[in-house]
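Here is the naming used below: chain letters follow the sequence lines, and residue numbers restart at 1 for every chain. Keep in mind the model is a prediction, meaning the values are calculated, not measured.
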Number of protein chains: 2
Amino acid sequence: MSEPAVPAQESLAFSALVLALAGELVQGIHDRVVAAGFADLRPAHGFAFARISHGGATTAELAGHLGVTKQAAAQLVDELVRKGYVERTPHPTDARARLLRLTEHGWACTRAADAAAVEAVAPFRELLGPERFAALVRDLAALGPKGPIRPTW
Amino acid sequence: MSEPAVPAQESLAFSALVLALAGELVQGIHDRVVAAGFADLRPAHGFAFARISHGGATTAELAGHLGVTKQAAAQLVDELVRKGYVERTPHPTDARARLLRLTEHGWACTRAADAAAVEAVAPFRELLGPERFAALVRDLAALGPKGPIRPTW
DNA sequence: CGATATAGACAAGCTGCTTGTCCATCGATA
DNA sequence: TATCGATGGACAAGCAGCTTGTCTATATCG
């Protein structure tokens, strides 16, 4: 075995770096979103917003994307509806289902989260410079990670 | 404002990619660790192992690193002790504190987790090739993310 | 038209984390 | 050395987010 000693170190460093970076991003984004006035949300809600804003989501569908049970998703949606971020509208073709849609407040939060993400990433971008940063994003994209899908936080 | 339109897109893509990648890594590593026979652990334990294996950790210290309360950390340590991964030893200079140490079983798990991380990263490494992957790791390291420290999952 | 699957809701329960309180011991200071 | 605030750790109670299990209404396929 002992052949890939350096690659192993590199791979370990890679996962540690990605995990550390993700933690820092989550924290940084969440802090800014809270500071922007959306203090009644937690990081985990981000993925739900992403899916709902994409359109065509039902509660069961959302549950699948978040990797949780329907009840957990229903509870989360309930909370977001109570807080005015999401509304349930009748589904055009399925009388059982309810189509989820962001309210204006929900869209405002989404915009704030996007701005927060850009701000949180800005120092990294400046650290590497535009070219190297662009290359970094390109290489990360090339890895084709299959899923925000699962929150895991 | 509208000046940084493309950078904004790029920054958004960056955070989305890092988060997606982190989720995939967590899942991939955890699955392999479970498959290696350590089924009684959850992803969140990883950070605790990392800190304890580093040496010199007490429960309160661990709590700080994990970003949770002392009680939560104490509970987690209790569980790891019960399951045979960690042992509490007397602290050499502080009669209040207990020094945390991995057992042989704990070290075995750490080795399995490292191997799992390397395996989980392998496809990415092959996708980019050794040179581009090394450059990627170098650039990520240059960002100097300050903390595994906080689990957030 | 009948059988099976699915969207969503209701109920109960568990687990991981929190806050609050307490004691023993440490470190600094008088 | 005696005292006092700070700290490591433990105990207790409570909460929030998630789970499994069950039910109804509707959809879809034979």
Side-chain angles (χ1 to χ4, degrees), chain A residues 23 26-27 30 34 38-49 51-52 55-83 85-101 149-153, chain B residues 23 26-27 30 34 39-49 51-52 54-83 85-101 149-153:
Chain A
V26 168
Q27 189 68 44
H30 182 243
V34 167
F38 303 94
D40 56 354
L41 292 177
R42 288 168 308 101
H45 294 129
F47 284 107
F49 271 78
R51 178 61 193 90
I52 297 173
T58 66
T59 298
E61 224 261 338
L62 183 62
H65 274 262
L66 297 180
V68 298
T69 57
K70 287 189 299 175
Q71 285 68 14
Q75 201 168 308
L76 194 149
V77 168
D78 256 353
E79 183 189 349
L80 293 181
V81 168
R82 247 188 306 110
K83 293 179 176 171
Y85 293 100
V86 171
E87 55 190 1
R88 300 181 221 249
T89 71
H91 194 287
T93 67
D94 191 333
R96 296 169 304 174
R98 313 267 274 152
L99 211 49
L100 301 178
R101 212 173 53 182
I149 304 296
R150 262 209 118 222
T152 61
W153 77 52
Chain B
V26 167
Q27 189 67 44
H30 183 243
V34 167
D40 55 356
L41 292 177
R42 288 166 307 103
H45 294 129
F47 283 107
F49 271 78
R51 177 61 193 91
I52 297 173
H54 183 265
T58 66
T59 297
E61 224 261 337
L62 183 63
H65 273 264
L66 296 180
V68 299
T69 58
K70 287 188 300 175
Q71 286 69 14
Q75 202 168 308
L76 193 148
V77 169
D78 256 353
E79 184 189 348
L80 293 181
V81 169
R82 247 188 305 111
K83 292 178 176 172
Y85 293 101
V86 172
E87 54 190 359
R88 300 182 222 249
T89 71
H91 194 287
T93 67
D94 189 335
R96 296 169 303 175
R98 314 268 273 152
L99 211 50
L100 301 177
R101 213 174 52 181
I149 304 298
R150 261 210 118 223
T152 63
W153 75 51

Rounded to whole Å, the NE2-C1' distance (A/His65 to C/dA7) equals 16 Å
Spacing between B/Gln71 atom CD and D/dC15 atom C1', to the nearest angstrom: 15 Å
Here the distance between atom P of C/dG27 and atom CZ of B/Arg96, to the nearest Å, is 7 Å
Which listed nucleotide (D/dT26, D/dG17, C/dA9) is nearest to the side chain of A/Ala95? D/dT26
Heavy-atom side-chain contact between B/Val86 and B/Arg88 under 4.5 Å: no
Spell out, as yes or no, whether a donor-acceptor pair under 3.5 Å connects the side chain of A/Arg42 to the backbone of A/Gly46. no
Could you say whether A/Ala97 or B/Ala73 is positioned toward the 5' end of DNA chain C, judged by the nucleotide with the nearest heavy atom to each? A/Ala97
Not counting sequence neighbours, which residues clear side chain to side chain contact (heavy atoms under 4.5 Å, CB included) with B/Arg101? List them please. B/Glu87, B/Thr89
Quick one: does any side-chain atom of A/His30 pair with a main-chain N or O of A/Leu41 as donor and acceptor, under 3.5 Å? yes
Does B/His45 form a side chain to side chain contact (heavy atoms under 4.5 Å, CB included) with B/Leu76? I'd like the steps, not just the answer. CA-CA 8 Å; B/His45 294 129; B/Leu76 193 148; 4.0 Å; yes
Rounding to an integer number of Å, can you tell me how far A/Leu76 CG sits from D/dT19 C1'? 15 Å
Rounded distance (Å) that lies between atom P of C/dT25 and atom CZ of B/Arg98: 13 Å
Closest of D/dG9, D/dT26, D/dT20 to the B/Lys70 side chain is D/dG9
Computed from five pairs at either end and rounded to 10 degrees, the angle between the axes of the helix from C/dC1-D/dG30 to C/dA30-D/dT1 is 30°
Taking C/dA9, C/dG16, D/dA10 as options, the one with an atom nearest any side-chain atom of B/Gln75 is C/dG16
Would you indicate what A/Glu61 reaches in the nucleic acid, counting non-hydrogen atoms under 4.0 angstrom: base, sugar-phosphate, or nothing? nothing
Is there a donor-acceptor pair under 3.5 Å between the side chain of A/His65 and the backbone N or O of A/Leu62? no
Parallel, tilted or perpendicular, as decided by the 30° and 60° cut-offs, for the rings of A/Tyr85 and A/Phe38: tilted
Assign A/Thr69 to base, sugar-phosphate, or nothing according to its heavy-atom contacts below 4.0 angstrom with the strands shown. base
Send over the distance from B/Asp94 CG to D/dT7 C1', rounded to a whole Å. 8 Å
State whether A/Arg88 places a side-chain N or O below 4.0 Å from either non-bridging phosphate oxygen (OP1 or OP2) of C/dA9. yes
Could you state the atom-to-atom distance from CZ of B/Arg42 to C1' of C/dC17 in whole Å? 11 Å
Atom NE2 of A/His91 to atom C1' of C/dG8: distance rounded to whole Å? 13 Å
Mind checking if A/Ala60 touches a base, just sugar-phosphate, or nothing, with heavy atoms under 4.0 Å? sugar-phosphate
